[in-house]
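Chain letters run A, B, ... following the sequence lines, proteins first, then strands; residues in each count from 1. Note that the structure is a prediction, hence the values are computed from the model and not measured.
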Amino acid sequence: MSDLEQFRAETRAWLEANCPEEMRQPLKSQAEHCWGGRKWQFQSEAQKVWMERMADKGWTAPQWPKEYGGGGLSQEEAEVLAEEMKRINARTPVSNFGFWMLGPALLKFGSEELKREHLPPICRGEIRWCQGYSEPNAGSDLASLQTRAEDKGDHFVVNGQKIWTSYADQADWIFCLVRTDPQATKHNGISFVLFDMESKGVSTRPIELISGESPFCETFFDDVKVDKHQVVGELNRGWDVAKYLLTHERNNIGGEPPGFLKGRALGPLAAEYVGTEHGKLADAGLRADIADLEIDHMAFQALVGKIRAEAEAGQGVGAQSAVLKYYGTELNKRRYELMMDALGSEGLEWDSERTQGGLFAREWLRSKGNSIEGGTSEVMLGIVSKRLLGLPDA
Amino acid sequence: MSDLEQFRAETRAWLEANCPEEMRQPLKSQAEHCWGGRKWQFQSEAQKVWMERMADKGWTAPQWPKEYGGGGLSQEEAEVLAEEMKRINARTPVSNFGFWMLGPALLKFGSEELKREHLPPICRGEIRWCQGYSEPNAGSDLASLQTRAEDKGDHFVVNGQKIWTSYADQADWIFCLVRTDPQATKHNGISFVLFDMESKGVSTRPIELISGESPFCETFFDDVKVDKHQVVGELNRGWDVAKYLLTHERNNIGGEPPGFLKGRALGPLAAEYVGTEHGKLADAGLRADIADLEIDHMAFQALVGKIRAEAEAGQGVGAQSAVLKYYGTELNKRRYELMMDALGSEGLEWDSERTQGGLFAREWLRSKGNSIEGGTSEVMLGIVSKRLLGLPDA
Amino acid sequence: MKLNDEQQMLQDSVARLMADKGPVSHLRQLRDEHHDKGYDEPLWQAMVEAGLTGILVPEEHGGIGFGLVGAGLVAREIGRNLSVTPFLSTAVLGAAALSAGGSDEQKAKWLPAIAEGTAIIALAVDDGAKHRPERLQARVEGGTLSGEKRLVLDGHVADLLLVAAGEGDQAALYLVDPKADGVTVERTVMADSRNAARIRFDGVPAEAMADGAAALAAALRAGRAVLAAELSGLALEAFERTLGYLKERKQFGRLIGTFQALQHRAAQLSGEVAMSEALAMQALDACDRGADDADQQVLAAKAKAARVALLAGQEAVQMHGGIGMTDEFDIGFFLKRARAGGETLGDANYCADRFAALRGY
Amino acid sequence: MKLNDEQQMLQDSVARLMADKGPVSHLRQLRDEHHDKGYDEPLWQAMVEAGLTGILVPEEHGGIGFGLVGAGLVAREIGRNLSVTPFLSTAVLGAAALSAGGSDEQKAKWLPAIAEGTAIIALAVDDGAKHRPERLQARVEGGTLSGEKRLVLDGHVADLLLVAAGEGDQAALYLVDPKADGVTVERTVMADSRNAARIRFDGVPAEAMADGAAALAAALRAGRAVLAAELSGLALEAFERTLGYLKERKQFGRLIGTFQALQHRAAQLSGEVAMSEALAMQALDACDRGADDADQQVLAAKAKAARVALLAGQEAVQMHGGIGMTDEFDIGFFLKRARAGGETLGDANYCADRFAALRGY
């Protein structure tokens, strides 16, 4: 038995023994996701046990180094773990912006001190992070941000306003882009800083979306004191960190839809609502649309696979991430439109128990934000045309 | 009986008596169209007789004034004539750029002398006109044209090169944009002049298209002498005439496709080639595409009707013509794509007798030029966004 | 087609009325207060006073008999303002059905009530999640109705239900008293914050019409044509609000309306909206004129309007960016209504499929 | 998937070969001189020498057995250069069919001939204008074949015909000698200036295969997968030529590549082309690996590649403007081949329909 086969066998046995039955059901909705953090109220004992057991193994962050609380797994081992978890439908034990975003940034740019301070609590699900990038009136134009951090010797004083801070009202710490050199222009003079959301002068206001949910906040900073050692990477070079993370984020769009449609095929769903005729979906137009979407999705996944394989071979992803972000989010929007086509009036119910309080319509509406957040589709096309295709500026 | 009813009865009787049987068949291809002109070889005696009889009535140009050889009909009478001709499938007796373009320009901008000189021979089918607008390297950017006309006292001397001159090798006269004031910039300093293609110094070279046809030429002017009285409108204000004609041309795109598909519905054509199943086209994707196209076509025609009605009520067409040009040509391209989808390999045959020498493929390819000639689709969208929507320049 | 003077006057006055008394803010308010009737009562009263509730009711029954073009003009302004009234359910579907297939008594009883605004009427057609009137499951046997209906617009406040059901081979509309025993009404609030209901019928007395099949056909045709006009108005408004935003919002130091990629998309959308509007009015006119191809035109208009309204809603949210995703901003309401209105009485695929069938392929 | 070193080397050497010996100018020349064989004989000879004709022929029959990924890499370069050879007909369709379903004798006779370039083989499937192999009209009865076939690639120069026909309930491939009595071949030159033929069979002797049904399935699968690669290569080349034009052509005093509307369209097209390519290679690899969903992947790849190649051809002509419409300029050849290749062995609608059926809806 190879090492990897042995690892698989051990992993399978461990998961069988340790993953509670309740945690082996697909999420019914995003609301059942475990975010962790100081304010987190576990929805069940099983959710708590599962998070803690996985954290003890370091498997909440399988590939992070063991000394920072991770699992220290190789790429191959991590894939085996993912496969084995998927095999039994095991839920993600805990996840938040600390795992997706801050962790990778610290591992690449953070000092040893910052890694030791922040990574272990993330792995244990103790600290929930949020992201402070966008500002009102800046939108996709991140480089024009105006939140400023004034140098007061041993600390900064931060003043300004952020918008689209995900779950800032429920997060414990924030990673935040602030202007540390007001003289510098555009991308220069920006730093990437970390601070506690319970600091004096921090306040948040949830933003209600058209879907009725409030996953984002407006966040206000009024003379917030930030320790100077909480700067990730070099002072005034926060743009490098932010750009790395944006690329990282876009690169992680793998084509698996979030929400209700995760793991669900549209064909059988549509058959349930529109019926069949001569062995085919009764709505021929919808059938053709679903086939086209699935073909495009298959093509997208093939491209994702190719780009990732090249990235592993050291060719890097770079501006390709903009291609993935663009198509991944546009496909997802199409997918939710077709789901709504299939569900008819049932999909439109907004508050019935039958539909879990309008889950379908809300997720359809929420998907419209995919091509706005994290860089709009228009910005992505601009990056592709300039940086991948080399088309000239006007 | 109202005057109009009486006119209809008389017209019907006259057409029955005078339209030869051969001229009551739809054109099998564009090649059967009667262009007229000095070099024209009638394809049949019937074609000649039909043109002459209609010219005698003035009905080759039904709404032009009688004193210039037209029919002097009102809008309503002209519509009756068109309906009655359509009723018996009567072919257009003769048509060329003299009817579509130069005539309307002369009627609006021309001096009495020019009207009397040029309109009657057009009506009688004696002179075939071509258009000299585009130049190499100018493309859609007409205002940058460089063909120049030098003032030599009683005449101009024209030097330069035109491209996309329709059937210049078969035309008798040309209407042509030339730069008469080399100091003026862009749209200024351009004049609209007329001259005989048999003038010394004029030469033409047909351009073969991807469809294999050569409806356009490159045309060269080498010290061509042009009478000064052959300027339409004011000297150096030829742009006004050209703009009027471009709008007129775009406005005339009424949604009826040219060529093979004229008067033919896609549904029955497709049924012939792809068959039916359960009473519907066997190819459900194609069926949905055809339905969408026909719906869009119906919507387009409704808009054409509305814009024309408003124009008649004096609200003018203006930049709306760009909307019509854009959608009319894009619809036509879609229509020919669907025709090719329907015809399968039969549509692809390039030189068989069965397909009249590849008529289908050639018309499909020819349709690709629709959104390039007469102002590209991109130029049209620019006109719409700037002039109709008032969006600002960069 | 082009509006005549009378129609133009109607359009102008309705535009003022809806903008004054039925703006988007009313929809928001009705939603936020979970209004028990779920529609804008003062606006409805104003429409009664203006005679608009009787727009399809013949003059002898107290209406103004303005025809479907008139109803479409009202719907267009409803679309622009997202006004919430029982206009579609009562003044269009109810009036069209009763006029086309009601007995003299039924007409005499209900048509004046529609015109006077004293009755709300709801049409119940869909047995399932999708609109499929050719395959109805609800049945009438021996004068009693059994079945279940969905997406019954204004069903929970209706004084009369018009229910589509099969009897033998024949599908027809029946009059049902919503207060009768065996009727169970569940109000469902839809994504567009409007009313609909799910209604169960367990052996409920059903009153036949003089020609229930004609009534059903007339209601579907009128409803689709008028919805096409509403959706076109909605698309126009969503587009115009977006165009305004393109002219005022700055990004990267420039007005976003100067970006050519957005300019071209805006130009394309404006054309789509114009075509949708023109086709809707032409289809309404074809119905009024009794044109041979009126059914084709109505199906085409509904399919086109549903697609264009959805596109306009999508483009509007995308071009507004982050703010377009917030509930605080009104633009999202247009997207929601576009989908709900598009689904009502047959979505674009359904209408295109029926259109193709009528065209013989 | 990612190419291994051997595959990468193959790709590089084929790219050089095709660019040197099979450029677009050869296609033009063959067309202009109405070449009697209709393909590029020197190039075909060079491919024989490079072993490419035997790319799907097992080593024991004198081939290199490189698998479908290898064949796809060749086809990709054929697509980029619009090279004209019997590669698809003979080295792909012929080799795949005979390998999968030929008897030992048939394999021993024909597979070495394919590898050595001494035989040209043509597959005859379509009875009508559209590819519908599930509903074949040609019949074999008592060992003789009757029927009519169209779009038989290289049919007028073939040494062997593989003909799809029904016998009883079963559709299968049969070997037919093109010189036999009762075979009537009409060469048809297609819009892409390539060969195809219409062939009539009137009671012609038809030789059964060991497993003619498997041979038919294998040929269709291999042909569609390889066509997907060819069309992806074609789309890539059309796109890259257009991208180059955007960087050099001026209009209104600016490089047209600075116009944002064109930039966004170019960016979208580049993504479509990349997805088409990636899916084609993945599908070829799935066939080689014998993956469960290989058929789904192949149908998806062919549908996607057909759509993308046509889009690339359309956008290429449009963005080139007037010059793109001229025969003198090469870009139009890509549009023509995109449609012809897209039609061959099932167009995008057909493939998507079959894909949906395999996915169970």
Side-chain angles (χ1 to χ4, degrees), chain A residues 134 136-141 143-144 163-164 207-214 216 270 272-275 282-289 333 337 340-352 354-355 358 360-362 364-366 368-369 371-373 376-379 381-382 385 394, chain C residues 31 34 126 128-132 135 150-152 186-194 196 198 249-254 256 259-262 265 303 310 313-314 317-329 331-333 335-336 339-340 342-344 347-353 356:
Chain A
S134 295
N137 301 318
S140 289
D141 184 10
S144 71
I163 197 167
W164 309 120
I207 301 168
E208 190 179 342
L209 294 189
I210 55 177
S211 58
E213 305 150 312
S214 299
F216 300 108
E272 206 178 306
Y273 289 86
V274 309
D283 181 338
L286 179 61
R287 179 174 182 266
D289 288 346
K333 290 196 299 179
E337 289 290 347
M340 291 300 283
D341 283 346
L343 294 171
S345 58
E346 184 137 333
L348 288 165
E349 290 189 8
W350 190 249
D351 59 3
S352 65
R354 218 170 6 248
T355 60
F360 304 120
R362 291 171 195 271
W364 162 63
L365 288 162
R366 179 66 187 84
K368 297 301 169 206
S371 52
I372 297 170
E373 58 210 324
T376 64
S377 279
E378 291 76 18
V379 167
L381 291 175
S385 66
Chain C
R31 179 194 72 171
H34 304 284
D126 301 359
K130 300 296 292 184
H131 177 74
R132 293 288 182 271
R135 292 180 289 169
R150 307 190 193 177
L151 200 63
V152 183
E186 175 198 358
R187 178 182 180 184
T188 50
V189 175
M190 309 306 274
D192 60 348
S193 305
R194 305 212 180 195
R198 288 190 177 222
R249 167 76 171 168
K250 282 194 175 182
Q251 284 270 277
F252 304 102
R254 297 163 52 178
I256 60 175
F259 288 105
Q260 196 196 35
L262 294 185
R265 275 160 60 186
L310 194 55
Q314 291 163 341
V317 169
Q318 179 68 24
M319 292 192 191
H320 276 84
I323 200 172
M325 281 298 293
T326 64
D327 183 73
E328 202 174 342
F329 207 73
I331 201 76
F333 284 120
L335 175 61
K336 293 173 180 177
R339 188 159 263 293
E343 188 67 36
T344 306
D347 67 7
N349 283 337
Y350 171 83
C351 291
D353 175 79

Please rank [options] by heavy-atom pairs under 4.5 Å with chain A and give me the top one.
options                        : value
C/L335, C/L151, C/D126, C/I331 : C/L335
C/T188, C/V317, C/V189, C/D353 : C/V189
C/K336, C/Q260, C/K250, C/H131 : C/K336
C/D347, C/L310, C/I323         : C/L310
C/Q314, C/R339, C/E343, C/R132 : C/R339
C/A348, C/G322, C/G342         : C/G322

Practice task
Starting at CE of C/M325, measure out to CD1 of A/I372 and round the result to the nearest 0.5 Å.
Solution key: 6.0 Å

Completion exercise
dist C/F329:CZ -> A/I210:CD1 (nearest 0.5 Å) comes out at 12.0 Å

Practice task
Would you mind checking if A/D341 and C/K130 are paired as a salt bridge, meaning a charged N to carboxylate O distance below 4.0 Å?
Solution key: no

Handout entry: Set of residues satisfying side-chain contact (heavy atoms from CB on, under 4.5 Å) with respect to C/A356, sequence neighbours excluded
Key = B/R287, B/A291, C/Y361

Practice task
Go through the structure and list residues passing side-chain contact (heavy atoms from CB on, under 4.5 Å) with A/R362, not counting sequence neighbours.
Solution key: A/S211, A/W350

At a heavy-atom separation under 4.5 Å, does [X] approach chain A through its side chain, its backbone, both, or neither?
X      : answer
C/A340 : both
C/R187 : neither
C/R194 : neither

[X] versus chain C, heavy atoms under 4.5 Å apart: side chain, backbone, both or neither?
X      : result
A/T355 : neither
A/A342 : backbone
A/L343 : backbone

Handout entry: Working for side-chain contact (heavy atoms from CB on, under 4.5 Å), residues C/Q251 and A/S144
Key = CA-CA 9 Å; C/Q251 284 270 277; A/S144 71; over 6 Å; no

Exercise for the section: Examine distances only and state if a side-chain atom of A/S371 and a backbone atom of A/T376 form a donor-acceptor pair shorter than 3.5 Å. Expected result: no

Problem - Ring geometry between C/F252 and C/F259 (parallel below 30°, tilted from 30 to 60°, perpendicular above 60°) - result: perpendicular

Handout entry: Crowding at CD, A/E208 (>12 non-hydrogen neighbours, <6.0 Å)
Key = yes

Exercise for the section: Could you check which of A/E373, A/E349, A/E346, A/K333 has the highest count of heavy-atom pairs closer than 4.5 Å to chain C? Expected result: A/E349

